[in-house]
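A short worksheet on the structure shown next.
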Amino acid sequence: MQLISLVLENIRSYPHARLEFPSGVVMLSGDIGSGKSTVLLAIEFALFGLLRGELSGTALLRNGSVRGSVELTFKIKDHNYTIKRTLKRSKESVEQETGYIIINGVKIDGTAIELKSKIIDILGYPIEQLTKTKNLIY
């Protein structure tokens with residue numbers, strides 16, 4: 001998988017950010033609190049959604065924000081993918097809303113579980129991972 005870009009809206013310390021990834025190996029570096037972990041958490045959220053007990057919406061959505069989103073564009077072989085997931089704050093919690101995945105220019109709307117299922121299939125992970133709440137990236 002080659003990461004192409006990551007767009008963050010109201011995710012942790014980022015009110016808005018767009019990162020473009022060069023081809024090859026990428027190293028995240030910076031001072032403590034500069035957002036390195038946020039980038040990794042955002043990639044994980046884009047791919048797999050919220051993970052019960054591991055990654056909560058409250059931990060991702062920027063303090064004071066009602067909505068937030070992560071959009072990840074990546075490439076596998078000759079296929080381009082863009083996945084977008086959104087968060088919305090209610091009085092009680094922060095929940096995922098429906099999102100979408102674009103596969104070679106074709107947009108497919110889906111629930112959090114439907115998107116996770118598509119990603120697991122695209123990445124070639126075992127289908128059993130769909131019901132796991134285990135952290136799948138690091």
Side-chain angles (χ1 to χ4, degrees):
M1 174 195 315
Q2 177 187 349
L3 300 178
I4 307 295
S5 66
L6 181 68
V7 179
L8 308 174
E9 295 288 339
N10 293 319
I11 300 297
R12 294 177 61 147
S13 61
Y14 293 98
H16 173 78
R18 179 176 180 87
L19 298 118
E20 300 286 336
F21 296 97
S23 60
V25 177
V26 174
M27 180 178 82
L28 299 175
S29 67
D31 292 336
I32 294 172
S34 64
K36 302 175 299 292
S37 294
T38 298
V39 170
L40 295 175
L41 290 170
I43 292 169
E44 181 174 46
F45 172 62
L47 292 172
F48 305 110
L50 297 177
L51 301 172
R52 194 178 337 240
E54 295 277 331
L55 181 62
S56 72
T58 304
L60 276 179
L61 187 61
R62 184 176 170 81
N63 288 337
S65 296
V66 175
R67 292 184 174 278
S69 65
V70 175
E71 181 181 274
L72 176 67
T73 300
F74 61 97
K75 183 176 185 175
I76 298 177
K77 297 182 182 173
D78 293 331
H79 300 286
N80 293 313
Y81 304 92
T82 297
I83 186 162
K84 183 171 184 176
R85 293 187 189 258
T86 58
L87 295 168
K88 181 180 179 184
R89 185 182 310 275
S90 67
K91 289 182 180 183
E92 297 83 34
S93 63
V94 175
E95 302 293 329
Q96 289 184 85
E97 295 189 304
T98 58
Y100 63 80
I101 186 167
I102 300 171
I103 303 172
N104 290 326
V106 178
K107 182 178 178 183
I108 303 166
D109 293 313
T111 66
I113 295 294
E114 290 168 339
L115 293 175
K116 183 176 180 180
S117 177
K118 280 270 189 212
I119 290 294
I120 285 173
D121 183 51
I122 289 166
L123 296 176
Y125 284 8
I127 195 65
E128 299 83 43
Q129 293 296 329
L130 184 59
T131 58
K132 304 271 186 197
T133 58
K134 182 180 172 187
N135 190 318
L136 299 174
I137 290 188
Y138 65 96

Is there side-chain contact between [X] and [Y], with heavy atoms separated by less than 4.5 Å?
| X | Y | value |
| --- | --- | --- |
| N10 | R89 | no |
| H79 | N104 | yes |
| L3 | L72 | yes |
| I76 | L123 | yes |
| T111 | K116 | no |
| I119 | F74 | yes |
| L87 | L50 | yes |
| V39 | Y14 | yes |

Would you name the heavy atoms of [X] and [Y] that are closest together and state the gap between them?
| X | Y | answer |
| --- | --- | --- |
| F48 | R85 | C-NH2, 3.7 Å |
| G49 | Q96 | CA-OE1, 3.5 Å |
| I120 | P126 | CG2-O, 3.7 Å |
| S23 | Q2 | CB-NE2, 3.6 Å |
| P15 | R62 | CD-NH1, 3.7 Å |

Return the CG to OG distance between L60 and S65, rounded to the nearest 0.5 Å.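 Nearest 0.5 Å value for the CG-OG distance: 12.0 Å.
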
When rounded to the nearest 0.5 angstrom, what is the spacing between NZ in K118 and CD1 in I103?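 Rounded to the nearest 0.5 Å, the NZ-CD1 separation comes out at 5.0 Å.
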
Side chain K75, main chain I4, donor-acceptor under 3.5 Å: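 Flag not set: sc K75 to bb I4 has no pair under 3.5 Å.
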
Donor-acceptor pair, R67 side chain versus L61 backbone, under 3.5 Å?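 Not a single qualifying donor-acceptor pair exists.
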
Please say whether more than 12 non-hydrogen atoms of neighbouring residues, nucleotides or ligands are located less than 6.0 Å from CG in D109.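 Yes - once you tally the heavy atoms of other residues, nucleotides and ligands closer than 6.0 Å, there are more than 12.
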
Less than 3.5 Å apart, any donor N or O on the side chain of S69 or T86 sitting next to an acceptor on the other?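 No pair is found: no donor N or O on one side chain lies under 3.5 Å from an acceptor on the other.
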
Taking only residues two or more places apart in sequence, or in another chain, which ones meet D31 in a side chain to side chain donor-acceptor pair (under 3.5 Å)?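 Per chain and number, D31 pairs via side chain to side chain donor-acceptor pair (under 3.5 Å) with no residue.
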
Side chain to side chain donor-acceptor pair (under 3.5 Å) partners for S90, two or more places apart: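 Result, side chain to side chain donor-acceptor pair (under 3.5 Å) vs S90: none returned.
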
